A.B. asks: 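Shown below is the structure under consideration.
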Amino acid sequence: MPELPEVETIARGLDKRVRGDVIESVWIGKRHQPLKSPAREIARTLEGGRIAAVRRVGKHIVFDLEQGAAKHQWIVHLGMTGRMQVALPEDEILKHTHAIAKLESGREVRFVDPRMFGKLSVVRDKHGFEAQGREPLDIGFELFAELFHKRKTPIKSALLNQKLLSGIGNIYADESLFRAGVRPRRRAASLTREELKKLYAAIPEVLNEAIAAGGSSVSDYVDAEGDEGFFQLQHRVYGREGEPCLVCKTPVKRLVIGGRSSHYCPRCQK
DNA sequence: AGGTTGACCTGGACGC
DNA sequence: TGCGTCCAGGTCAACC
């Protein structure tokens, strides 16, 4: 489900609603293996923690927790289908609910994830969680260009590589490449400086427009308030195979690159 | 070492 | 109605 704009939307919603609240107790379902930290350590780290802030790092949601002088972090990765809900105890517990944090205010933060690709983990004794790659909204052009300089992999795959840039996924890779006029199969190293500049400009443009729209709801994505995003209405190529390009009317093509479907306009993108 | 592929899961859409 | 197939917003480990 979630790429940078969706995770940003969810993290903002959570921050608005639960910042300052205290986690009283934690339940973690037995079925849920996707724990990067042992369930007991997660529970021990969360319980008693005051939520100082909720924010996004790459595609991760980070809860900054304070227990007295101690600082911990709860890290949530939503995988493909993960959801975070703020619910009341009497609200129906959805199928595939894998973790529930009960708050002092009486509300609950619930983690729901049908496909179980999501991951929960904690960082203890510091606020030290960092993404592996650079933030695409906060990188200079020279560094950006350097990332792709010697890469033989298709630019589409390079954009999805979280060790290079963190936060871009399949939708926003395709949308960024369309706006930059670059075909997804082009080798990253083959992009000219001009093309790199277009891509460098296109990425934050797309991401920021998507954040403003509350993310893309392609199938079942909803934010922490249960609201859908609507950036899918502004997709120019993603999910539009066979439909006319919004610029030149040429049918949008779809091909598979690195196992991911990729959409592009064969006329607008070189 | 960098690049590519398949595996991990559930569920919805579609064709017969 | 039911079955089979394909597809999905993401990562990883295992190969070359």
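What you are looking at is a predicted structure, and each value in this text was computed from that prediction instead of being measured. In what follows, chains carry the letters A, B, and so on, assigned in the order in which the sequence lines appear, proteins first and then strands, with residues in each chain numbered from 1.
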A.B. asks: Inspect the contact between A:E146 and A:R134 and indicate whether a charged nitrogen and a carboxylate oxygen are less than 4.0 angstrom apart.
C.D. replies: no
A.B. asks: Watson-Crick or G-U wobble partner for B:dC9, using a 3.5 Å limit on both distances?
C.D. replies: none
A.B. asks: Whole angstrom is fine here: how far is it from CG in A:N170 over to C1' in C:dA8?
C.D. replies: 9 Å
A.B. asks: Taking only side-chain nitrogens and oxygens of A:T153, does any of them come within less than 4.0 Å of OP1 or OP2 of B:dT4?
C.D. replies: yes
A.B. asks: Atom NZ of A:K156 to atom P of B:dT4: distance rounded to whole Å?
C.D. replies: 13 Å
A.B. asks: Students often get this wrong, so: under 4.0 angstrom with heavy atoms, is A:G169 touching a base, only sugar-phosphate, or nothing?
C.D. replies: sugar-phosphate
A.B. asks: When you look at A:Y172 and A:E6, which way does the side-chain contact (heavy atoms from CB on, under 4.5 Å) test go after all the steps?
C.D. replies: CA-CA 11 Å; A:Y172 301 104; A:E6 291 77 37; 2.6 Å; yes
A.B. asks: Could you tell me whether A:S261 contacts a base, only the sugar-phosphate backbone, or nothing, with contacts defined as non-hydrogen atoms closer than 4.0 Å?
C.D. replies: sugar-phosphate
A.B. asks: Can you measure A:R186 atom CZ to B:dG3 atom P for me and round it to whole angstrom units?
C.D. replies: 16 Å
A.B. asks: Quick check for you: among C:dG10, B:dG11, B:dG3, whose closest atom lies nearest to any side-chain atom of A:H96?
C.D. replies: B:dG11
A.B. asks: Can you find a side chain N or O atom of A:K59 that sits less than 4.0 Å from OP1 or OP2 on C:dG10?
C.D. replies: yes
A.B. asks: When the nearest nucleotide of DNA chain C is assigned to A:H77 and to A:R115 on a heavy-atom basis, which residue is associated with the more 5' position?
C.D. replies: A:R115
A.B. asks: Is the aromatic ring of A:F117 within stacking range of B:dC8, meaning centres under 5.5 angstrom and planes under 30 degrees?
C.D. replies: yes
A.B. asks: If you measure from the P atom in B:dA1 to the same atom in C:dT11, how many Å do you get, rounded?
C.D. replies: 23 Å
A.B. asks: Please tell me which of the listed nucleotides, C:dC7, B:dG11, C:dG10, lies nearest to the side chain of A:R254?
C.D. replies: C:dC7
A.B. asks: Just checking A:Y238: base, sugar-phosphate only, or nothing, at a heavy-atom cut-off of under 4.0 Å?
C.D. replies: sugar-phosphate
A.B. asks: Roughly how many Å is it from CG in A:L160 to P in B:dT5, rounded to a whole number?
C.D. replies: 14 Å
A.B. asks: When rounded to the nearest Å, what value does the distance between C1' atoms of B:dG11 and C:dC12 take?
C.D. replies: 23 Å
A.B. asks: Tell me what A:K163 touches on the nucleic acid: a base, only sugar-phosphate, or nothing, going by heavy atoms under 4.0 Å.
C.D. replies: nothing
A.B. asks: Rounded to the nearest angstrom, tell me the gap between atom CD in A:Q232 and atom P in C:dA8.
C.D. replies: 17 Å
A.B. asks: Does the plane of the ring in A:H98 sit parallel, tilted or perpendicular to the ring in A:H96? Use 30° and 60° as the thresholds.
C.D. replies: tilted
A.B. asks: Closer than 4.0 Å, any side-chain N/O of A:Q162 to the OP1 or OP2 of C:dG10?
C.D. replies: no
A.B. asks: CD1 of A:I257 versus P of B:dG3: gap in Å, rounded?
C.D. replies: 15 Å
A.B. asks: Hydrophobic clusters here meaning ILVMFWY residues chained together by side-chain heavy-atom distances under 4.5 Å, can you tell me if A:I10 and A:F230 are in one?
C.D. replies: no
A.B. asks: Could you tell me the separation between the CZ atom of A:R187 and the C1' atom of B:dG3, rounded to a whole number of Å?
C.D. replies: 9 Å
A.B. asks: State whether A:K102 and A:E24 are salt-bridged, where the test is any N-O pair (Lys NZ or Arg NE/NH1/NH2 against Asp/Glu carboxylate O) under 4.0 Å.
C.D. replies: no
A.B. asks: Mind checking A:P154 for me? I need base, sugar-phosphate or nothing, with any heavy atom below 4.0 Å counting as a touch.
C.D. replies: sugar-phosphate
A.B. asks: Does B:dG11 have its OP1 or OP2 closer than 4.0 Å to a side-chain nitrogen or oxygen of A:K95?
C.D. replies: yes
A.B. asks: Can you tell me, in whole Å, how much space there is between the P of C:dC3 and that of B:dC9?
C.D. replies: 23 Å
A.B. asks: Whole angstrom is fine here: how far is it from NE2 in A:H60 over to P in C:dG10?
C.D. replies: 12 Å
A.B. asks: A:W27, A:F111: one ILVMFWY side-chain cluster at the under-4.5 Å cut-off?
C.D. replies: no
